[in-house]
Amino acid sequence: MRWKWVYIEDVSRHAGEDVEVRGWLFNKRSSGKIRFLLIRDGTGVLQATIFSPEKCHPLFAQFDALTQESSLIVRGRVRQDKRAPGGYELEIADMETVQIARDYPISPKEHSTAFLMEHRHLWLRSRKQHAVLQVRAELIRAIRDFFDGRGFRLMDTPILTPSACEGTTTLFETQYFDQKAFLSQSGQLYNEATAMAFGKVYCFGPTFRAEKSKTRRHLIEFWMVEPEVAFASLEDIIELAEDLVLFILGRVLSRRRQELDILERDTKPLERIKKPFPRITYDEAVQLLKQKGSAITWGNDFGAPEETMMSEIFDLPVCVTHFPAAIKAFYMQPAPERPDVVLGVDMLASEGFGEIIGGGQRIHDLGLLEKRLKEHNLPRQAYEWYIDLRQYGSVPHAGFGLGVERTLAWLCRIKHIRETIPFPRLLYRIYP
RNA sequence: UCCUCGGUAGCUCAAUCGGCAGAGCGGGUGGCUGUUAACCACUAGGUUCCAGGUUCGAGUCCUGGCCGAGGAGCCA
């Protein structure tokens, strides 16, 4: 007979049927005349059993030879059983060993972070890491569905760029034939051009920052989605950011419950998030933080302790607006009648996870943009095309960037951002 | 880049005042008719990160180096 190859996530639909499962040995146990195999195939974990009153059953010998992470194909009948994890198990009739794994280094007991990072290529198979990356895939799909559903056009901005978008000190330099090029830190400047061509756009890709930062919330290479909308104001863009976050939350909470359970994520703090999120200006935030005992003074950016304090004051994500112009990028539009602050917004996630979104309104006036470039000592020739946008039907416009890994860390309540991407690039680690 | 802590069996850790190198897990062997990180018995397994120094004697003390972790600044 022909055995039907099924994935473990679909196994409950095949109760009573003969099927084939292809996967890896997650764990095994035995008790006299009965043997248990926990098999994973990437979509789930299934318990399979071998039962025989004969001690010398050939399948028993095959079972005994299996080691953790050995690859195998099992065939048998699916049966509903309350005693099995997941409620279904496979009664093995036939088993094929594909390869015996020798000394798999990650045991079911505890390991240090350093050891696990060294074995990241195998750590991905572990239950919690697997769950986090399942949520990541869902998060990315939700982001795309959100923007596509609202008529945004996906614009792929370049990764190799001739100039800096923000500071030049944090750029990765590379050779571009006989000239220098830099790895992109953001697609924003290019998106300002595509927004003038398509009205509302987004880019979604990897970004690179050569910052020597060694914290739980920094990656050297990370993914960012950046919408940009022509004719939009700060107000418009904040609402867009709120809608995006709510859409993502809805998707992940409805479709990835099981993974959040595996991660022991208490979902109540996420479930109570509703529009509108609290909004405060930078001025108000500084006042609040001072009352809470922070040493912050006007004109300084928030540090990690300030972000933690903010999430102790509010139990929803918070939008902080109107930052001092001096601590923000050259392209930020100054507030009307208050030129020392800009129409920018940072969204701080709840539960102490800090900034997940940064954005705002961009300068659309030619003269002001030229003035700012000079003040920031940026080479005009590298920005000619960008300046050009202000000469041909310039309009107010706004956008933001959302960091995928930080958002995922918040959703999964993962302490360190290194677990939110399959192969993290960190300050002192580029292997594996 | 700065501050703090750490490096002992494949892994996670212990080793009192400087005095015989130890446990659990994993591996191996055997047992057990429903296990849930199964359990029980036995068993193999060591360049104590590297180089130098002090000492009768160093995993332990000193000097230098290498590697890692936690935190800070910067940022999404």
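Residue numbers begin at 1 in each chain, while the letters A, B, ... track the order of the sequences.
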Measure [atom1]/[X] against [atom2]/[N] and give the value in whole Å, please.
| X | N | atom1 | atom2 | value |
| --- | --- | --- | --- | --- |
| A/Leu426 | B/A69 | CG | P | 8 Å |
| A/Phe63 | B/U35 | CZ | P | 14 Å |
| A/Arg29 | B/G26 | CZ | P | 12 Å |
| A/Tyr202 | B/A76 | OH | P | 21 Å |
| A/Lys82 | B/U35 | NZ | C1' | 17 Å |
| A/Leu25 | B/A37 | CG | P | 15 Å |
| A/Glu306 | B/A72 | CD | C1' | 12 Å |
| A/Tyr431 | B/C67 | OH | C1' | 16 Å |

Centroid separation under 6.0 Å, is that true for the rings of [Y] and [X]?
| X | Y | result |
| --- | --- | --- |
| A/Trp385 | A/Tyr190 | yes |
| A/Phe172 | A/Phe208 | no |
| A/Phe302 | A/Tyr282 | yes |

Under 4.0 Å between any heavy atoms, over every strand shown, what does [X] touch: base, sugar-phosphate, or nothing? Just pick one.
| X | value |
| --- | --- |
| A/Asp346 | nothing |
| A/Pro85 | base |
| A/Gln47 | base |
| A/Arg418 | sugar-phosphate |
| A/Leu219 | base |
| A/His416 | sugar-phosphate |
| A/Glu226 | nothing |
| A/Thr215 | base |

Would you measure the distance from the [atom1] atom in [N] across to the matching atom in [M] and give it in whole Å?
| N | M | atom1 | answer |
| --- | --- | --- | --- |
| B/A14 | B/G7 | P | 8 Å |
| B/G22 | B/A15 | P | 14 Å |
| B/C11 | B/G57 | C1' | 32 Å |
| B/C32 | B/A41 | C1' | 12 Å |
| B/A58 | B/C50 | P | 15 Å |
| B/G26 | B/G19 | P | 33 Å |
| B/U8 | B/A44 | P | 23 Å |
| B/C61 | B/C56 | C1' | 16 Å |

What pattern of brackets, bars and dots sums up RNA chain B from 5' to 3', given Watson-Crick or G-U wobble pairs under 3.5 Å, [ ] for crossing pairs and | for another strand? (((((((..((((.....[..)))).(((((.......))))).....(((((..]....))))))))))))....

Where the side chain of [X] is defined as all heavy atoms beyond and including C-beta, which of [options] is the nearest nucleotide?
| X | options | value |
| --- | --- | --- |
| A/Phe115 | B/A76, B/U1, B/U12 | B/U12 |
| A/Glu307 | B/G34, B/C75, B/G73 | B/C75 |
| A/Arg209 | B/G73, B/C75, B/A37 | B/C75 |
| A/Ala114 | B/A76, B/A69, B/U35 | B/A69 |
| A/Lys214 | B/G73, B/A76, B/G70 | B/G70 |
| A/Phe36 | B/C75, B/A69, B/U35 | B/U35 |

State which residues pass side chain to side chain donor-acceptor pair (under 3.5 Å) with A/His14; sequence neighbours excluded, sorted by chain then number.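 A/His14 satisfies side chain to side chain donor-acceptor pair (under 3.5 Å) with A/Glu17 once adjacent residues are dropped.
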
Does the Lys NZ or Arg CZ of A/Lys214 fall within the cation-pi geometry relative to A/Tyr428 - under 6.0 Å from the ring centre and within 45° of the axis?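 Cation-pi check for A/Lys214 and A/Tyr428: fails.
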
Using the six-membered ring of A/Phe60, assess whether NZ or CZ of A/Arg35 lies under 6.0 Å from its centre and within 45 degrees of the ring axis.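 Judged by the rule (NZ or CZ under 6.0 Å from the ring centre, within 45° of its axis), A/Arg35 counts as positioned above A/Phe60.
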
Is the shortest heavy-atom distance from the side chain of [X] to the side chain of [Y] under 4.5 Å?
| X | Y | answer |
| --- | --- | --- |
| A/Phe63 | A/Ser30 | yes |
| A/Val74 | A/Glu20 | no |
| A/Gln134 | A/Gln129 | no |
| A/Asp346 | A/Lys328 | yes |

If you pin A/Gly303 and A/Gly401 to their nearest nucleotides in RNA chain B, which one's is more 5'?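 The residue mapped nearer the 5' terminus is A/Gly303.
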
Qualifying residue for side chain to side chain donor-acceptor pair (under 3.5 Å) with A/His397, from A/His364, A/Lys200, A/Arg362, A/Glu192: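 Considering A/His364, A/Lys200, A/Arg362, A/Glu192, a side chain to side chain donor-acceptor pair (under 3.5 Å) with A/His397 is found only for A/Glu192.
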
Parallel, tilted or perpendicular, as decided by the 30° and 60° cut-offs, for the rings of A/Phe115 and A/His119: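 Tilted, since the angle between the ring planes falls between 30° and 60°.
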
Report all interatomic pairs (protein N or O, nucleotide N or O of nucleotides 29-33 of chain B) with separations under 3.5 Å.
residue	atom	partner	partner atom	Å
B/G31	OP1	A/Lys55	NZ	2.7
B/C32	N3	A/Gly32	N	3.3
B/C32	N4	A/Ser30	OG	3.2
B/U33	OP2	A/Lys33	NZ	3.4

State whether the distance check finds a donor on one side and an acceptor on the other, under 3.5 Å, for side chain A/His218 versus base B/C75.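 Checked by distance alone, the answer is yes.
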
Would you say the base of B/G68 and the side-chain of A/Glu118 have a donor-acceptor pair closer than 3.5 Å?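 A donor-acceptor contact between them is absent.
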
